[in-house]
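One structure below.
Within every chain, numbering begins at 1; the chains are lettered A, B, ... in the order of the sequence lines, protein sequences first and strands thereafter.
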Amino acid sequence: MQQTQDAGKTTGIETTNEFPSRAEVLIEVRRMVEQAAAGTTLGREAIDDLLTAVDEAAANAIRHGSPKAGPNAFLRITCLNAPNSIEVRVRDFGTGFSVPESPVMPEPDAMGGRGLPLMVALADSVAIESTPSGSTVTLIKRSH
Amino acid sequence: MQDELDILQLHIGEESGASLIRAVGDIDLSTTPQLRQAVEEVIAKLPTDGELRYIIIDIREVPFIDSAGLALLVEIRKRFHNTCRLAVLIAASTQPERVLRLGRFDTFLIIGYSLEELHALGVGAKLAPA
């Protein structure tokens with residue numbers, strides 16, 4: 001765990017962990033983010049919203065991004081928290097994936113396509129960067 | 001997986017003529033196969049007398065469900081609709097309630113906050129053959 005300070009930004013605490021790219025790690029990712037968020041003023045509902053968004057990003061990486069990186073694929077999760085907000089980055093090292101999903105929530109009888117709509121609905125900001133060396137989803141949640 | 005590491009525990013029973021699966025723990029991409037298997041096993045054991053029955057999935061003790069879990073509910077609803085009607089029990093002010101509302105599942109699934117509420121909606125009463 002390291003403490004970083006950027007000129008012009010609120011002092012933040014940054015934690016980074018790597019997880020093997022398997023569905024079984026999702027609960028560990030959620031625990032890591034929950035622990036980081038406990039150091040902010042985010043309330044229970046905001047934390048739950050954030051956990052859902054992070055889980056969707058990580059699940060996307062496990063399902064679509066990481067398989068291209070081979071059997072030793074891993075995810076890197078970084079939490080950067082400030083007093084009233086937290087930024088979570090979900091990084092995979094596959095060959096990048098296109099995000100064909102619409103950010104609009106599909107109909108309730110749809111079989112899938114809810115990942116991106118949930119991220120957009122539950123995080124205050126969502127940024128997705130996809131390159132041939134992998135993808136990064138950056139989520140920010142603020143206390144309101 | 002050792003018992004103490006189980007992310008999700010499922011308790012199967014019956015409630016007033018409806019099959020009941022009570023889930024305790026998280027329903028995510030890693031645990032949906034377990035829930036799917038339990039539902040399939042419950043439905044496979046139902047009498048094949050042509051009567052429509054209910055299956056209640058109780059997620060009041062589920063602190064977290066993700067889109068994989070939501071997709072499973074849709075799958076169950078669609079796959080078994082002619083055999084078994086699906087109802088879901090949720091708790092107020094929880095993450096599952098939040099994502100079910102965001103997905104507008106209340107327009108697609110029978111959702112209630114208590115067994116009494118589901119019974120009042122007719123869940124558990126035997127339906128006429130399709």
Engaged part of B/D66 at the chain A interface, taking heavy atoms whose separation is under 4.5 Å | both

For A/H144 and A/D124, test the side chains for any donor-to-acceptor distance below 3.5 angstrom and give the result as yes or no.
-> yes

Taking it one step at a time, do A/R31 and A/E34 satisfy salt bridge (Lys or Arg N to Asp or Glu O under 4.0 Å)?
-> CA-CA 5 Å; A/R31 282 182 185 143; A/E34 186 165 18; over 6 Å; no

Given the options B/V99, B/T107, B/V74, which has more heavy-atom pairs under 4.5 Å with chain A than any of the others?
-> B/V74

Side chain, backbone, both or neither: which part of A/E45 has an atom under 4.5 Å from a heavy atom of chain B?
-> side chain

Answer with side chain, backbone, both or neither: which region of A/L118 has an atom nearer than 4.5 Å to a non-hydrogen atom of chain B?
-> side chain

Count the heavy-atom pairs under 4.5 Å between each of A/L51, A/D55, A/D49 and chain B, then report the option with the highest count.
-> A/D55

For B/R104, is it the side chain, the backbone, both, or neither that has a heavy atom closer than 4.5 Å to a heavy atom of chain A?
-> both

Side-chain H-bond candidate by donor/acceptor type, A/T40 with A/N81, under 3.5 Å = no

Who wins among A/P108, A/A23, A/A110 for the most heavy-atom pairs under 4.5 Å with chain B?
-> A/P108

Side chain from CB out, backbone as N, CA, C, O: work out which of these in A/P117 comes under 4.5 Å of a heavy atom of chain B, or both, or neither.
-> neither

B/F64 six-ring centre to A/R30 NZ/CZ under 6.0 Å and within 45° of normal = yes

Would you find a donor on one side and an acceptor on the other, under 3.5 Å apart, between the side chain of A/S85 and the backbone of A/A82?
-> no

B/D106/B/R101 ion pair, N-O < 4.0 Å = yes

